[in-house]
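This structure is a prediction, so every number in the text was calculated from the model and none was measured. Order of listing sets the numbers, starting from 1, for every ligand and every atom in it.
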Amino acid sequence: MSVALIWVVSPNSELSNGLGFLETTKLIDSSRFVVRGRSFLQSSKFKNIGKKYKCNSCYLNANLTHSCFGESGFRGSNNGRKSDVVSRVVANPAGELTVSSEQLVYDVVLKQAALVKEQMRAREDVEVKPDIVLPGTLGLLNEAYDRCGEVCAEYAKTFYLGTLLMTPERRKAIWAIYVWCRRTDELVDGPNASHITPKALDRWESRLEDLFNGRPFDMLDAALSDTVSKFPVDIQPFKDMIEGMRMDLRKSRYKTFDELYLYCYYVAGTVGLMSVPIMGIAPESQATTESVYNAALALGIANQLTNILRDVGEDARRGRVYLPQDELAQAGLSDEDIFAGKVTDKWRSFMKKQIKRARSFFDEAEEGVTQLSSASRWPVWASLLLYRQILDEIEANDCNNFTRRAYVSKPKKLVSLPVAYAKSLAPPSSRNGALSKIFDV
Ligand SMILES: CC(C)=CCC/C(C)=C/CC/C(C)=C/CC/C(C)=C/[C@@H]1[C@@H](COP(=O)(O)OP(=O)(O)O)[C@]1(C)CC/C=C(\C)CC/C=C(\C)CCC=C(C)C
């Protein structure tokens, strides 16, 4: 990930890196990008539609209107669970009523679903259209995608195998998105994280804007730039992920689940929103676009909550506690108990509730996976089943997530893969109501 790091720390530097990500030079003009001395013509489709607005303590990169109060039929599938977990209107520490993170994030979901429908309507068909490329550039682009595939295979082998079942265009696009997410995460989580400042993240964000405008900085960006020119992917979830990294720089405690939910959206829910336009919805699906986006968001949140519960000890050793402080206090626990790392009955009972909540997000996500286009379902089922089992492993470890890292053993992984495959064969259920398909692919 040093490519990203070097650039954000010193935007004018020439790039090379030790991780074998790539070696490129930066050559940009306003309408083309040049990689290793050649240029690609790109359509610059997306503008940064985001406008930051402040909502109490949190920022969302959105140009959304708040539809906070008095909505009816807010969601179909999850009222039961969600009302237990977060309410739409919450009280801030000063006792004032504010809009909940869930509402803010759901507004993003609605916006994404609306945008993608609009994009699809504007296109004559859903199939990827060939760009106008100068002779010789196609090979370079393919090389860029291959690099993304290699990175993906190195960092997430099972997931990489799953992507091989997808159509070639979709697989390449998912790899490009994966690599951008990985690089973004590495900025604050990688070996050079201590050099990362908010300014560096601002530079990473302007680089993102450039690639969305057809001016990628390096080869890996070029792959994503190509992807966003071919699929109806919006910049907002990408910007929001960077916002999550900013949050990580300035915050190491979360007062409430509402605060944590927003963080989870930023760093992982966004991945779900980025992925849906690539994966596509099955032509026979009766689900609304919104409900599928919502399930994708839920899977990201579930994964991140699981990640947090698995890594409690590791995070504590870095001085970080990603658990709602108010819930810890209600359970009679504090940061000191976490640093002490003793598994007590209080801790077990606290963990039981946290695990239950994470599972409820997985349940919500499951409804959406069957709605995806058939070739995309297997990798998603595989990742869902594998990640979900981490929760079982935490329980099997007697909730000792202080000194034991829960993981799914190889044999269990191997069993999960055919199970995921079998699940992926099930056609979309018609439980999700209104018909509003967007991708008949
Ligand atoms: C098929 C599939 C899973 C596609 C997603 C591919 C993709 C673009 C992944 C990017 C993942 C990434 C590098 C995110 C950066 C932030 C981050 C690190 C988030 C954590 C992931 C796990 O990280 P890590 O690899 O470090 O974990 P380990 O320590 O190795 O265990 C997260 C916990 C979140 C990842 C979130 C997702 C994969 C979202 C999945 C949602 C979908 C693919 C939407 C599916 C659609 C429906 C309708 C359900």
Distances only, to 0.1 Å: what are the N or O pairs between ligand 1 and the protein that fall under 3.5 Å?
{"residue": "ligand 1", "atom": "25 (O)", "partner": "R182", "partner atom": "NH1", "Å": "3.0"}
{"residue": "ligand 1", "atom": "26 (O)", "partner": "R182", "partner atom": "NH2", "Å": "3.1"}
{"residue": "ligand 1", "atom": "27 (O)", "partner": "Y387", "partner atom": "OH", "Å": "3.1"}
{"residue": "ligand 1", "atom": "29 (O)", "partner": "R310", "partner atom": "NH2", "Å": "2.8"}
{"residue": "ligand 1", "atom": "31 (O)", "partner": "R310", "partner atom": "NH1", "Å": "2.9"}
{"residue": "ligand 1", "atom": "31 (O)", "partner": "Y387", "partner atom": "OH", "Å": "2.7"}

Contacts of type side-chain contact (heavy atoms from CB on, under 4.5 Å), residue N400, not counting sequence neighbours: V343, F402, T403, R404

Donor-acceptor pair, side chain of D218 and main chain of L220, under 3.5 angstrom: yes

Ion pair D337/K342, N-O distance below 4.0 Å: no

D240 and T270: side chain donor to acceptor below 3.5 Å: no

Side-chain ion pair, R348 and D398, N-O less than 4.0 Å: yes

Electrostatic pair D248:R320 at N-O distance under 4.0 angstrom: yes

